[in-house]
Every structure is written in structure tokens, then in C-alpha cells.
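As C-alpha cells, the structure follows; a few thoughts come after it.
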Amino acid sequence: MLATPGLQRIAALAPATYPMPVHGQDGTLRAPEVAGTEAGIHTAIDEALLERNPDALVVTDADGCVVRWNPGASAAFGFTRRAALGQALRELIGVADRAEDWHRVVSTTRRNGTARTETVARRADGTLMHLDIITRRLEDVPEAAILWCSRDVTGPKLLRAALQLKVRYGDLLESTPDGMLLVDETGHVLLANGHAESLFGYGELHGQPVESLVPSKFRADHPEHRAGSWPRSTAAGVELFGRRKSGEVFPVEVSLSPLRTDEGPVVISAVRDVSERVTAARRLRALLEAAPDAIVITDGQGLIVLANSQADALFGYSRDELIGQGIELLLPERFRQVHVQHRSGFVAEPRVRAMGAGFELFARHKDGREIPVEISLSPLTTDEGILVSAAIRDITERKRVESQLQDQNLELARASAAKTTFLAGMSHELRTPLNAIIGFTGTLLMRLPGPLNDEQEKQLRTVQWAGHHLLALIDDLLDMTRIESGQARMEPAAVDCIELAREAVGQLQPQARSKGLDLALELPEGRYEIHTDRRALRQIVLNLVSNGVKYTDQGQVGVRLQVDTPEPGSVRFTVEDTGIGIQPEDESRLFVAFSQLNSGPEARPGAGLGLYLSARLAQLLGGRIEFRSQRGVGSVFALTLPGGGPWLGS
Ligand code: ADP
């Protein structure tokens with residue numbers, strides 16, 4: 001039965017269907033069926049007080065397990081009633097390093113009936129807060145239950161601490177060049193200097209959870225890291241990032257140190273924006289990676305500080321295995337000791353250079369294999385002193401090709417020698433019967449064996465001409481093989497150029513006359529001797545004049561000898577004709593062996609060897625052949641032998 005209407009009204013405030021679990025002796029939770037009884041009305045009042053109270057109200061039993069959990073507690077801690085009931089309160093919301101606070105509160109409450117403390121508590125989402133707790137021992141409950149009334153006092157606590165810290169450290173913080181943040185144990189910023197606020201783009205950083213200054217993808221882990229041991233600085237090799245208010249993420253370097261204050265432990269964190277350094281490092285890395293060679297950079301002590309992936313591939317070590325190791329790791333054991341001396345030598349006098357010039361260099365793969373390499377070294381001057389960059393090229397393939405080429409060259413040299421011997425032998429074999437043919441044809445033409453009729457003489461002259469032509473061809477071939485095999489030996493002697501020019505022109509005069517051409521010779525006054533190979537010079541001049549005559553059908557062929565042209569001491573033979581000329585597109589083939597440019601009616605007898613041989617011989621004499629030509633107008637070929645040789649005077 002309900003006692004009074006007042007009590008009934010209060011009872012009505014409590015939801016009738018609300019389960020009111022009681023923690024039983026056996027450890028089970030049960031809902032007592034008390035509705036409608038007087039005890040039920042008192043319970044309803046208690047319930048209303050509990051349910052409508054904005055503070056976090058929790059009742060724990062003798063074991064510290066939650067038996068009551070009001071909506072205020074759900075709002076404050078983020079755990080639903082269902083999640084909280086039956087859990088040990090200290091483990092649910094307490095933080096490990098403040099366990100002492102909880103033990104003290106429980107024992108004081110048991111002893112004095114009440115206690116008050118301020119501690120740090122954790123919400124369901126992991127965030128921390130400052131909690132002001134007042135407890136009361138529940139006398140009328142047999143199981144030594146405790147009522148916990150708590151309130152989140154993070155805001156006022158932070159403000160109080162911030163004010164205190166600002167008085168003591170404000171000026172100091174402002175004077176440091178880094179972004180400085182003082183963070184309290186709940187992970188809220190207490191105080192920040194202007195650098196930090198502009199770095200993160202906040203007008204006011206006080207009260208911000210530090211997690212908001214960390215990019216969202218690292219945020220979840222951060223409270224855990226934050227709870228780690230102090231002091232420390234950015235872990236080496238770990239890239240850290242900050243997050244500006246705008247959402248922009250940037251690389252940072254952070255160093256952390258603890259500070260004990262009256263308001264509790266505080267962490268000072270110095271944050272530096274290292275975007276520029278990271279960009280520079282990234283560029284350097286990109287540069288290293290783009291290089292075709294393996295690159296290993298060492299410090300002044302020869303320890304590897306950087307290596308590109310080509311180096312990983314070449315040596316078979318991972319980047320982590322290489323960094324921090326001495327560079328000698330990458331050398332065959334037998335070179336290691338002497339290398340240390342070379343290395344210090346380089347650091348003492350650093351300059352870009354190839355390593356071990358003239359020596360074969362070898363590197364050592366992780367598996368012990370030796371790799372032939374080529375190495376170039378360059379010093380890099382940095383803030384941390386001299387670094388040495390070694391670009392290492394694996395030349396295994398090149399070595400293989402080189403030795404293959406060497407073998408092939410030997411083979412070729414052998415073949416070429418065989419060819420030369422063959423040709424020399426052959427030309428001798430050919431010459432002997434050919435000389436017999438020419439000789440006996442001459443005897444016949446001289447009518448020594450008896451008279452000839454006209455037809456016989458005509459045919460014998462054809463035989464004689466063909467014989468001479470064949471002989472010339474054999475001579476040319478022999479010359480060619482001699483030149484190509486490097487066996488053409490020049491025998492310089494005093495050569496009278498005027499006499500030589502006269503002789504050549506004289507020899508070709510009959511041919512010119514038979515074509516009705518005017519073969520003219522223009523000579524300087526006096527006698528001009530130069531020191532050269534007479535046979536070679538004669539062959540060149542004869543060839544140029546004979547080409548002039550051969551490729552000219554009417555007009556004239558002029559041969560001119562000039563001395564001291566184009567420079568003092570040099571000699572120039574010029575052959576100018578009014579012949580068929582050369583087409584510009586044929587010019588490049590002019591001096592190529594066996595190339596004849598004319599066909600059809602313009603074709604002339606010849607093997608296409610004359611100019612080739614002339615140019616090679618001119619080269620052997622230290623001279624050159626130049627030409628200019630116009631199709632249908634004529635050509636000019638000039639042989640120049642330079643000065644400088646012993647000039648025997650005029
Ligand atoms: P060839 O034995 O055919 O004369 P050369 O090596 O002496 O061989 O000359 C190569 C080619 O250059 C000739 O076939 C000819 O077409 C061209 N040539 C050489 N000299 C002259 C010239 N004076 N005028 C026109 N063409 C020439």
C-alpha cells in the first residue's frame with residue numbers, strides 16, 4: 001500500500017518498468033519485485049534522484065563492481081548502463097597510473113563514511129578527463145555499497161593550471177623558436193606559444209585535445225603513445241605529422257619532456273615544422289633513385305647513411321641492413337684494410353674522382369660473390385660534415401662483352417692476316433702470267449715474231465690494254481690490303497714536286513690527246529722538294545689527273561702546283577676539269593672503296609678504288625684531299641700536304 005499521496009507522486013516519477021537490479025550475495029543481478037510496497041516507494045524516490053540527477057552517480061558493491069549507473073554516468077563516461085553494470089568501476093574508468101587514488105578513496109569511505117578526491121578518468125572512447133569524486137558509504141545496504149558522485153572538472157582544472165603555468169613559463173615559451181605546447185595528463189593543451197598557434201593555425205590552443213593536432217589516421221593510436229613513458233623525443237626513423245586546423249597535414253619533429261607542477265604532471269612538447277627538410281630529403285631520395293647506378297653515401301667515418309634501391313639490388317642487402325654499417329662491408333675481405341686508409345685519404349682531400357684509376361675494382365655481394373665494378377666518388381658538404389657519395393656501376397656485362405670483343409678481335413686479326421697473305425700470294429700468282437701476256441703481246445706488236453695484219457694489230461692492242469688495266473687493278477687491290485692491314489709503309493725521302501707533276505701529266509698526255517682534251521700544267525718557278533713518300537704521292541697525283549681526264553669529254557684538265565699554300569711550307573696539287581661533275585647526293589660515296597657513281601653512258605672503266613686509295617694515302621702522308629664539283633660544269637680535286645715536314649727549300 002502507498003503511504004501518502006506525496007510519496008505516490010514521487011513514485012510516479014520513477015519509470016514503472018525500469019529494472020532495478022540488485023547485486024545479490026551470490027554475485028547475480030536481480031530485479032526485486034517491490035513495486036506498490038512502501039519499500040517500493042522509497043526505492044522509487046531513490047530511483048528518481050538517481051535517474052534525474054545530471055551528475056554521474058554510480059553505486060558499487062563490496063567488490064567495487066557497478067550495481068547502479070545513472071544516465072548522468074552514461075553521459076559523462078560514454079558507457080551504457082548495460083555495458084557498465086557488473087564491471088569493476090576502477091577498471092572501467094580508472095587509469096592505471098592513478099590506481100592509488102581509487103584504493104585511497106575506497107578505504108577512506110569505508111573508514112569515515114565519505115571521501116573526496118580528484119583523479120583522471122577514461123571515457124569509453126579513450127579520452128581522458130579530470131574527475132572530482134565524492135563518495136558515501138551506503139549504511140542501510142548490507143553489502144558495504146558505495147555511492148560515487150562525480151563531476152567532469154576538466155575545464156576549470158585546465159584553466160587553473162594554464163593560469164599558473166602562464167605566469168611561470170609564458171615568457172620563456174614565447175622566446176623559443178619552436179612551437180611549444182604544454183599538455184596535461186588528460187591530453188589537453190594547457191598552454192601554447194604563438195609559434196605553436198600559428199603553426200597549427202589556431203587562434204587559441206588552450207583546451208584543445210592534442211589528438212586534434214594529429215592527422216586523423218594517426219589519431220586513434222595517439223592516446224596510447226601519449227600514455228607511454230616520458231621523456232622522449234621523436235623516435236628515429238619514424239615520420240611524424242601534425243595537422244593544421246584547416247586539415248592540412250605537415251611533417252614535424254617533436255621532442256617531449258615531463259614537467260612536475262602543482263597542478264599535476266605536464267608534458268612540454270616542442271614541435272618543429274620540417275616540411276622543407278623533408279622535401280629536400282625527398283628530392284635527394286628521388287634523385288638517388290633516378291640515378292642509373294647504385295649510390296651509397298657514407299659519413300666521414302665511412303658509415304653508410306643513405307643508399308638507393310639500386311644499391312640494395314646490387315649488394316643483396318636490404319636498406320635497413322646497410323644503413324649504419326661501415327662501407328667496408330661491401331668490399332671483398334682482402335681489400336678491407338687498405339680501403340680504410342684510402343677512405344681517410346679521400347676525406348682529407350675530397351674531390352670528384354674515379355676510384356682506383358687503372359685498377360680493377362670489385363665489390364662484394366651479401367652472398368660472398370665478387371662483382372666487377374666501376375666507382376666514382378664525390379664529396380658532399382653538409383651541415384653534419386663531409387659525406388662521400390659513391391656511384392657504383394656493375395660492369396660484369398661490360399667485362400663479358402669486352403672479353404668477347406677481344407676474342408673476336410683476335411679472330412678478326414687472324415682472318416685479316418690470312419686474307420692479306422692470300423691476296424699478296426694471289427696477286428703475285430696473277431701478276432706473273434699477266435706480265436707474260438703483256439710482254440708477249442708487246443713482242444707481237446713489235447712484230448718481232450713476224451708481220452701482223454691491221455685486224456690482228458687492233459685485237460692485240462685490246463689485249464694489251466686489258467692486260468695493263470688488269471695489272472693496275474691488281475696493284476690497287478694489293479695497295480688496299482696493305483693499307484687496311486696497316487702494312488703500308490711510307491718511306492719518306494726528298495721528292496721534287498715539280499718533276500713529279502711533270503711526270504704525271506706527261507704520262508697521261510696521250511690519253512688526254514686521244515680524247516681531244518687540253519691537259520695543261522701550271523708550275524711555280526724553281527725547284528720544290530718536300531720530304532715525303534714518292535710512290536704514294538705519285539699514285540695520288542696520277543689518280544686525280546687520270547680521273548680528270550677520264551670524266552671529262554671536252555674542254556680541259558688543268559693541273560696546278562702551288563707552294564706555301566694554304567700555309568707556309570705546305571704544297572698543293574690541284575686538278576681542275578670541265579667534265580661531267582658529281583651530283584651533291586653522291587659526294588658522300590666518293591671516297592668509299594668500290595663505289596662508282598656513274599652508270600649508263602657515263603660509266604667509265606674502273607673499280608672504284610682510286611679515290612679511296614688516294615684519300616688513305618694522303619692521310620698516311622699527313623695530308624688531305626678536298627674537292628668541289630658542279631654537275632655538268634666540272635670538278636676540282638686538291639691534295640694538300642701540310643708544312644712542318646723537313647722543307648728542303650726552293
Ligand atoms: P674509279 O676507278 O671509278 O674512277 P675513283 O675512286 O677514282 O674510282 O672514283 C670514284 C667515283 O667518283 C668515280 O666512279 C666517279 O663517278 C667519281 N669521280 C671521280 N673523279 C671524278 C671527276 N674528276 N669528275 C667526275 N666524277 C668523278
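Counting convention: from 1, in listed order, for ligands and their atoms alike.
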### Query
Less than 4.0 Å between a side-chain N and a carboxylate O, is that true for Arg243 and Glu248?
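Answer for the salt bridge query: no.
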### Cationic N near anionic O, under 4.0 Å, Glu374 to Lys399
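Between Lys399 and Glu374 there is no salt bridge, as every charged N stays at least 4.0 Å from the carboxylate O atoms.
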Check ligand 1 for N or O atoms under 3.5 Å from a protein N or O and list each pair with its distance.
unit_1   : atom_1 : unit_2 : atom_2 : d
ligand 1 : 2 (O)  : Ala607 : N      : 3.4
ligand 1 : 2 (O)  : Gly608 : N      : 3.2
ligand 1 : 3 (O)  : Tyr551 : OH     : 3.2
ligand 1 : 3 (O)  : Gln596 : NE2    : 3.0
ligand 1 : 4 (O)  : Asn547 : OD1    : 3.2
ligand 1 : 4 (O)  : Lys550 : NZ     : 3.0
ligand 1 : 4 (O)  : Tyr551 : OH     : 2.9
ligand 1 : 6 (O)  : Gly610 : N      : 3.3
ligand 1 : 6 (O)  : Leu611 : N      : 2.7
ligand 1 : 7 (O)  : Asn547 : OD1    : 3.3
ligand 1 : 7 (O)  : Asn547 : ND2    : 2.8
ligand 1 : 7 (O)  : Leu611 : N      : 3.3
ligand 1 : 14 (O) : Tyr551 : OH     : 3.1
ligand 1 : 14 (O) : Leu597 : N      : 3.4
ligand 1 : 16 (O) : Leu597 : N      : 3.3
ligand 1 : 16 (O) : Asn598 : OD1    : 2.6
ligand 1 : 20 (N) : Asn547 : ND2    : 3.3
ligand 1 : 23 (N) : Asp577 : OD2    : 2.9
ligand 1 : 24 (N) : Ser635 : OG     : 3.4

### Task
Return yes if some donor-acceptor pair links the side-chain N/O of Glu457 with the main-chain N/O of Asp454 below 3.5 Å, else return no.
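Here the side-chain-to-backbone pair does not exist.
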### Task
For the pair Phe573 and Leu537, evaluate side chain to side chain contact (heavy atoms under 4.5 Å, CB included) and give the outcome as yes or no after the intermediate values.
CA-CA 10 Å; Phe573 291 86; Leu537 178 59; 3.9 Å; yes
### Message
Check for me whether Arg244 meets the cation-pi criterion with Phe250, that is, NZ or CZ under 6.0 Å from the six-membered ring centre and within 45 degrees of the ring axis.
### Response
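Judged by the rule, Arg244 and Phe250 form a cation-pi pair.
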### Query
Residues two or more places apart in sequence or in another chain: which of them pass side chain to side chain contact (heavy atoms under 4.5 Å, CB included) with Glu522?
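Side chain to side chain contact (heavy atoms under 4.5 Å, CB included) list for Glu522, sorted by chain: Arg560.
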